[in-house]
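Read the structure below first, then the notes.
Note on naming: letters A, B, ... go to the chains in the order of the sequence lines (proteins, then strands), and numbering restarts at 1 for each one. All values reported here derive from a predicted model rather than from experimental measurement.
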There are 2 protein chains.
Amino acid sequence: MSETKDKIVELADHLLRVKGFNGFSYKDISDPLSLKNAAIHYHFPAKADLGVEVIDHELTKFAGQTKRWQSLPEDEQLEKLIGVFRKHCQDKNICLMGSLASDFETLSPEMRVKVQELGKRILAWLTGCLEQGRHNKRLHFKGEASDRALMIMTNLQSSLLMSRVLGPQVFNSISTQLMKDLKK
Amino acid sequence: MSETKDKIVELADHLLRVKGFNGFSYKDISDPLSLKNAAIHYHFPAKADLGVEVIDHELTKFAGQTKRWQSLPEDEQLEKLIGVFRKHCQDKNICLMGSLASDFETLSPEMRVKVQELGKRILAWLTGCLEQGRHNKRLHFKGEASDRALMIMTNLQSSLLMSRVLGPQVFNSISTQLMKDLKK
DNA sequence: GTCTATATTCCGATAGAC
DNA sequence: GTCTATCGGAATATAGAC
């Protein structure tokens with residue numbers, strides 16, 4: 001991949017998180033990179049193509065991160081995940097999943113499929129982590145692991161949303177309480 | 001308020017939830033109501049004015065609902081709140097708070113203030129409900145009521161987001177587990 | 001007061017030069 | 001691979017008719 005294309009995707013990722021898919025334009029990308037908007041269209045004919053690429057990057061990134069964590073105890077793996085969200089919180093970003101879920105009804109079919117894939121992957125990993133963690137007595141919770149994974153994922157997702165509105169202490173409260181609940 | 005103005009606000013509320021603030025246009029309102037887009041501008045000079053009105057309506061609605069619930073046991077009040085979210089889930093809507101928090105960085109200062117007010121009001125009510133509920137032994141949870149309120153609010157908010165992406169069973173899983181956790 | 005016709009700006013996208 | 005030029009359309013918004 002060319003350097004320009006890489007920069008476009010990186011910037012699009014940021015804009016998608018901060019302003020939402022319908023809240024940014026090609027101009028928001030071409031201006032900072034000192035390009036013309038047509039240059040973006042060369043790399044990504046339609047805006048939806050750019051959207052798909054950003055999600056693909058996130059899928060790859062997530063797979064790499066979780067693989068790097070896999071030898072850690074499950075509670076520490078979870079802390080790592082929370083750390084990723086904390087980083088986004090500091091950058092005033094929200095998670096890609098939350099941003100794209102918000103705009104879901106306005107997305108192209110191709111983008112919707114990718115968003116669904118991202119959601120399934122995150123939940124699958126989280127479910128496995130919780131299940132293993134309970135088995136190894138590192139994590140404690142009631143009910144199905146898949147239900148608990150849904151609870152935790154939605155906590156983290158909306159913690160970034162609410163942090164933007166009410167301040168970063170929202171993220172701290174939620175992430176702290178989250179781990180307390182799981183450590184029993 | 002005129003009947004037309006009322007219909008505009010009602011439709012804007014729906015569009016805001018389904019498509020997001022940057023995902024709908026005045027045309028999406030004027031066409032179904034058989035008006036010209038300029039007619040909307042008469043009632044709401046700028047799009048942000050319409051946004052503020054929609055949030056004000058929600059604030060009033062929420063105040064009325066919680067007042068009507070106030071004589072119920074706290075666990076039933078909570079069920080009522082979940083019922084409101086369930087209704088939105090069925091209509092493929094997401095909660096106003098979630099939608100506006102997503103687009104927060106692109107909103108006008110006036111709209112941001114209103115969104116903040118909405119968030120504070122919901123959290124204040126939920127915190128009070130949890131506190132009273134614990135005191136009356138109708139609800140059981142660890143930690144501060146305000147922290148627990150954040151957890152529950154984010155669960156409900158993102159449950160609607162994820163339901164759109166992965167299907168309505170997401171909402172069912174989360175809302176069921178939520179009440180189980182609180183009933184001890 | 002309420003709405004129509006119209007202005008203006010901007011967006012996503014295409015064609016073709018370099 | 002990036003640029004110039006430009007299109008068609010849709011967006012928000014204004015000015016003025018009824």
Side-chain angles (χ1 to χ4, degrees), chain A residues 1-55 57 99-100 102-112 114-115, chain B residues 1-55 99-100 102-112 114:
Chain A
M1 183 180 305
S2 75
E3 199 178 334
T4 302
K5 192 171 181 179
D6 218 40
K7 282 183 184 169
I8 291 170
V9 175
E10 191 182 352
L11 191 48
D13 177 278
H14 179 71
L15 287 165
L16 232 159
R17 291 173 198 267
V18 174
K19 300 183 144 199
F21 190 73
N22 297 316
F24 79 93
S25 72
Y26 274 32
K27 193 170 151 57
D28 294 324
I29 297 175
S30 55
D31 278 356
L33 298 182
S34 298
L35 299 171
K36 301 294 164 184
N37 78 40
I40 323 280
H41 280 287
Y42 164 70
H43 293 285
F44 304 99
K47 199 179 178 184
D49 299 319
L50 178 53
V52 166
E53 184 79 13
V54 170
I55 305 173
H57 266 236
S99 171
L100 291 166
S102 249
D103 297 330
F104 196 69
E105 300 296 324
T106 69
L107 302 180
S108 71
E110 293 79 16
M111 281 192 71
R112 290 195 197 191
K114 285 288 174 188
V115 174
Chain B
M1 183 180 302
S2 74
E3 199 179 334
T4 303
K5 193 171 182 180
D6 219 40
K7 281 183 184 169
I8 292 170
V9 175
E10 190 182 353
L11 192 47
D13 176 280
H14 179 72
L15 288 164
L16 202 44
R17 291 174 198 267
V18 175
K19 300 183 145 199
F21 190 72
N22 297 315
F24 80 93
S25 73
Y26 274 31
K27 192 171 153 55
D28 294 324
I29 297 175
S30 55
D31 277 357
L33 297 182
S34 298
L35 298 171
K36 300 293 165 184
N37 77 54
I40 323 281
H41 280 285
Y42 162 71
H43 294 285
F44 304 99
K47 200 180 177 184
D49 299 319
L50 178 54
V52 166
E53 185 80 13
V54 170
I55 305 173
S99 171
L100 291 167
S102 248
D103 297 330
F104 196 69
E105 300 296 323
T106 70
L107 301 180
S108 70
E110 294 78 17
M111 279 192 72
R112 290 194 196 189
K114 286 288 175 188

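- Proximity of B:S25 to the phosphate of D:dA10: no side-chain N or O atom is located under 4.0 Å from OP1 or OP2.
- Considering only side-chain N and O atoms, B:K47 lies under 4.0 angstrom from the phosphate OP1 or OP2 of D:dT12.
- Residue A:T4 places at least one side-chain N or O closer than 4.0 Å to OP1 or OP2 of D:dT2.
- The distance from the NZ atom of A:K114 to the CG atom of A:L100 is 12.5 Å, given to the nearest 0.5 Å.
- Remark: B:H41 is not in phosphate contact with C:dT2, judged by side-chain N or O atoms under 4.0 Å from OP1 or OP2.
- In this structure, the separation between CD1 on B:I29 and CG on B:L50 is 5.0 Å, given to the nearest 0.5 Å.
- Between B:E53 atom CD and B:D13 atom CG the span is 11.5 Å, to the nearest 0.5 Å.
- When the nucleotides D:dA13, D:dT2, C:dA5 are ranked by their closest atom to the side chain of B:N37, D:dA13 comes out on top.
- In this structure, A:Y42 does not reach the D:dT2 phosphate: none of its side-chain N or O atoms is under 4.0 Å from OP1 or OP2.
- For B:K27 and D:dA10, the shortest distance from a side-chain N or O to OP1 or OP2 is not below 4.0 Å.
- Put simply, CG on A:L33 is 15 Å from C1' on D:dG1, counting in whole angstrom units.
- When distances run from any side-chain atom of B:A46 to the nucleotides C:dT4, D:dA13, D:dT4, the shortest one goes to D:dA13.
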